[in-house]
Amino acid sequence: SIKVQRSADGVNWITVKTYTPENYPQMIRYNTCCVYDYVSYSAYADYYYRAYVTFYAKNSRGTGYMYQYSETIYIPPFS
């Protein structure tokens, strides 16, 4: 899954959008080692944003998860 998070101060975060395989089946890939893809989100100015991504893999030996935050970006106010 991918959770888009927003913050006014870069410290306190709230999840504003969640992308899951149930709603976005194109997120699931089979028999592949690498995936390069993206999702779109319409952001508001004057906020910080980041993504929290859950990676999931399964094979005959079991299931594994990994969690990763993206880099934080700031959307400046329009002038």
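Just the heavy atoms: all of them, side chains too, but no hydrogens, waters or symmetry mates, feed the values below. All figures in this text were calculated on a predicted structure; none of them were measured in a lab.
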| Would you say Y41 and R6 make side-chain contact, with heavy atoms under 4.5 Å? | yes
| query | Would you call D37 and R29 a side-chain contact if the rule is heavy atoms closer than 4.5 Å? | reply | yes
| field | E71 CD: over 12 foreign heavy atoms closer than 6.0 Å | value | no
| note | Residue set satisfying salt bridge (charged side-chain N to carboxylate O under 4.0 Å, His left out) with D9, at least two apart, ordered chain then number -> none
| field | ILVMFWY clustering at 4.5 Å (side-chain atoms), partners of F78 | value | none
| request: Say whether V11 and I75 are linked into one hydrophobic cluster, either directly or through other cluster members, by side-chain heavy-atom distances under 4.5 angstrom. | output: no
Name every donor-acceptor pair, under 3.5 Å, that has one atom in a side chain of residues 45-67 and the other anywhere in the protein, sequence neighbours excluded.
| residue | atom | partner | partner atom | Å |
| --- | --- | --- | --- | --- |
| D46 | OD1 | Y74 | OH | 2.4 |
| Y49 | OH | Y44 | N | 2.8 |
| Y49 | OH | Y44 | O | 3.3 |
| R50 | NE | Q5 | OE1 | 2.7 |
| R50 | NH2 | Q5 | OE1 | 3.1 |
| N59 | OD1 | R61 | N | 2.8 |
| N59 | OD1 | G62 | N | 3.3 |

| Linked, directly or transitively: V16 and Y19 (ILVMFWY side chains, under 4.5 Å) | yes
| task | Kindly determine whether M27 and I2 satisfy side-chain contact (heavy atoms from CB on, under 4.5 Å), including the steps that lead there. | result | CA-CA 10 Å; M27 293 172 72; I2 301 171; 4.0 Å; yes
| Just how far is it from atom CD of E22 to atom CD1 of I28, taken to the nearest 0.5 Å? | 7.5 Å
